[in-house]
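What follows is a set of notes on a single structure, which appears directly below.
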2 protein chains.
Amino acid sequence: MTAPRRVIASAVDRLGRAFTIDDLVAEVRALAPSVGIATVYRAVAAMEAAHAVERVGTRDESALYVRCTADGHHHHLVCTGCGLVAHATCPLDDVPPLHGTEGFVVTAHELTLYGLCAGCATEVSPASELPRS
Amino acid sequence: MTAPRRVIASAVDRLGRAFTIDDLVAEVRALAPSVGIATVYRAVAAMEAAHAVERVGTRDESALYVRCTADGHHHHLVCTGCGLVAHATCPLDDVPPLHGTEGFVVTAHELTLYGLCAGCATEVSPASELPRS
DNA sequence: AGCACAAGTGATAATCATTCTCACTATGGA
DNA sequence: TCCATAGTGAGAATGATTATCACTTGTGCT
């Protein structure tokens, strides 16, 4: 609607990849230096509520977002090399219930996959530390 | 080793369930009121490094921990009713690679399952809001 | 076009979990 | 026993996120 929101939306498009609020603020300010941080937070919250963007995790203690490119239930592939985030279909739909779930009614789940994207996998750098489990 | 660490370890045992640092501080101070918050943070960090405890997620923006009861690769069932956390074997080991992973080398993953434990499932309360996806 | 109201904005202060600093103390080996 | 080292506690510092507040912009109505 308003000018700042338009700038923020186009900055999200320009970035393409996953971004933190700081990344986005930097991109936004390249176009409109007067935009405040609070406004960026509010715009991202609004976009998240409108499913235009989704939170995919955390990097260095600050939230990571991506533009929504898929509808419905899906998960994320996070490249630990470059931060690229891709979408993946849910692998659990066709799977029998887990061991250890006796009496437990599962209503939701979160799955995040870490690894290297095609680009980063061909490079030889083994130094990366994101994942757990 | 030291007295505060012993108190903290036994407080973790007493709690049994998943806990935030605040929960743990309250339990610890019931036994030893003089223990500082920083000490609890440090002790939990040490226990996590020693695999005596693991971080299983977030509740109200603060970290959730459970005592480690299983070795190796596993996942967590979080009851959105009472906060109980159980361990589950990994359902992905027997599953074909996901769609959408072309060229992506998956090296790690995180999975958390949300739902209601046997106790909470028998109660009728439908009000709970934790999960996403 | 003119107007009033609602929503959005920007700066700054506040909040809250977590971490750091620093002076002090307990621990465990020699 | 004595000392180096790790642990401790209080409070300050940090850093991401949110709230506040006065002001502006956009919208719908006339």
Side-chain angles (χ1 to χ4, degrees), chain A residues 1-12 15 17-66 78 83 85 112 129-130 132, chain B residues 1-12 15 17-66 78 83 85 112 129-130 132:
Chain A
M1 302 186 170
T2 66
R5 297 260 166 136
R6 262 177 264 121
V7 172
I8 291 166
S10 83
V12 168
L15 281 169
R17 55 183 174 74
F19 57 88
T20 62
I21 298 292
D22 270 358
D23 296 336
L24 184 54
V25 167
E27 186 72 19
V28 164
R29 289 204 167 152
L31 303 172
S34 70
V35 174
I37 292 175
T39 298
V40 175
Y41 272 100
R42 282 182 292 231
V44 169
M47 293 171 82
E48 191 182 4
H51 300 288
V53 122
E54 58 191 322
R55 178 180 293 169
V56 295
T58 287
R59 181 168 65 203
D60 299 333
E61 300 303 301
S62 70
L64 252 193
Y65 296 87
V66 245
V78 179
V85 175
T112 305
E129 63 267 37
L130 261 187
R132 239 187 330 136
Chain B
M1 302 188 170
T2 66
R5 297 262 166 134
R6 260 178 265 121
V7 172
I8 292 166
S10 83
V12 168
L15 282 169
R17 56 184 174 72
F19 57 88
T20 63
I21 296 293
D22 269 359
D23 297 336
L24 184 53
V25 167
E27 186 70 21
V28 164
R29 290 203 166 155
L31 303 172
S34 69
V35 173
I37 293 174
T39 298
V40 174
Y41 272 100
R42 282 183 291 229
V44 169
M47 292 172 84
E48 191 181 4
H51 301 288
V53 124
E54 59 191 322
R55 178 181 292 169
V56 294
T58 286
R59 179 166 68 203
D60 299 333
E61 300 302 301
S62 70
L64 252 194
Y65 296 87
V66 245
V78 179
V85 176
T112 305
E129 64 267 34
L130 261 185
R132 238 187 331 133

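Naming convention: chains lettered A, B, ... in sequence-line order (proteins, then strands); numbering from 1 in each chain. Keep in mind the model is a prediction, meaning the values are calculated, not measured. We use all heavy atoms of the structure for the numbers below, so side chains are in, but hydrogens, waters and symmetry mates are not.
- The CG-P distance, from B/Asp23 to C/dA17, rounds to 12 Å in whole Å.
- B/Ile8 places its CD1 atom 10 Å from the C1' atom of D/dG7, with the value rounded to the nearest Å.
- Looking at the side chain of A/Ser34, the nearest of the listed nucleotides D/dA16, C/dG10, C/dT18 is C/dG10.
- Counting only heavy atoms from C-beta outward, the side chains of B/Val78 and B/Thr112 approach each other to under 4.5 Å.
- The CD-C1' distance, from A/Glu48 to D/dT17, rounds to 13 Å in whole Å.
- Between the CZ atom of B/Arg29 and the C1' atom of D/dA10 there is a distance of 10 Å, given to the nearest Å.
- No engagement by B/Ala43 is indicated, since no non-hydrogen atom pair under 4.0 Å with the nucleic acid exists.
- Between A/Glu54 and A/Val66, the closest side-chain pair of non-hydrogen atoms falls below 4.5 Å.
- Contact annotation: B/Tyr41 side-chain N/O to C/dT19 OP1/OP2 distance is not under 4.0 Å.
- Each of A/Glu61 and B/Ala3 lies near DNA chain C, and the nucleotide nearest A/Glu61 is the one positioned closer to the 5' end.
- The residue among A/Ile21 and B/Thr39 whose nearest nucleotide of DNA chain D is located toward the 5' end is B/Thr39.
- Comparing C/dA11, D/dG9, C/dA17 by their nearest atom to the side chain of B/Val35 picks out D/dG9.
- In terms of phosphate contacts, A/Arg5 brings a side-chain nitrogen or oxygen within less than 4.0 Å of OP1 or OP2 of C/dT9.
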Report all side-chain donor-acceptor pairs from residues 19-26 of chain A shorter than 3.5 Å, counting only partners two or more places apart or in another chain.
{"unit_1": "A/Thr20", "atom_1": "OG1", "unit_2": "A/Asp22", "atom_2": "N", "d": "3.4"}
{"unit_1": "A/Thr20", "atom_1": "OG1", "unit_2": "A/Asp23", "atom_2": "N", "d": "3.2"}
{"unit_1": "A/Thr20", "atom_1": "OG1", "unit_2": "A/Asp23", "atom_2": "OD1", "d": "3.4"}
{"unit_1": "A/Thr20", "atom_1": "OG1", "unit_2": "A/Asp23", "atom_2": "OD2", "d": "3.2"}
{"unit_1": "A/Asp23", "atom_1": "OD2", "unit_2": "A/Thr20", "atom_2": "N", "d": "2.9"}
{"unit_1": "A/Asp23", "atom_1": "OD2", "unit_2": "A/Arg59", "atom_2": "NH2", "d": "2.9"}

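- The shortest heavy-atom contact between B/Met47 and B/Ala9 is CE-CA, 4.3 Å.
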Report all side-chain donor-acceptor pairs from residues 27-41 of chain B shorter than 3.5 Å, counting only partners two or more places apart or in another chain.
{"unit_1": "B/Arg29", "atom_1": "NE", "unit_2": "B/Val35", "atom_2": "O", "d": "2.9"}
{"unit_1": "B/Arg29", "atom_1": "NH2", "unit_2": "B/Val35", "atom_2": "O", "d": "2.8"}
{"unit_1": "B/Thr39", "atom_1": "OG1", "unit_2": "B/Arg42", "atom_2": "NH2", "d": "3.4"}

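- For B/Asp22 and C/dT15, the CG to P distance is 17 Å, given to the nearest whole Å.
- Between A/Arg42 atom CZ and C/dA11 atom P the separation is 11 Å, expressed in whole Å.
- Taking the C1' atoms of five terminal pairs at each end of the helix from C/dA1-D/dT30 to C/dA30-D/dT1, the two resulting helix axes are inclined by 30°, rounded to 10°.
- Of the candidate nucleotides D/dG7, C/dT18, D/dG26, D/dG26 has the atom nearest to the side chain of A/Thr2.
- Residues B/Val56 and B/Tyr65 have side chains not in contact (no heavy-atom distance under 4.5 Å, counting atoms from C-beta outward).
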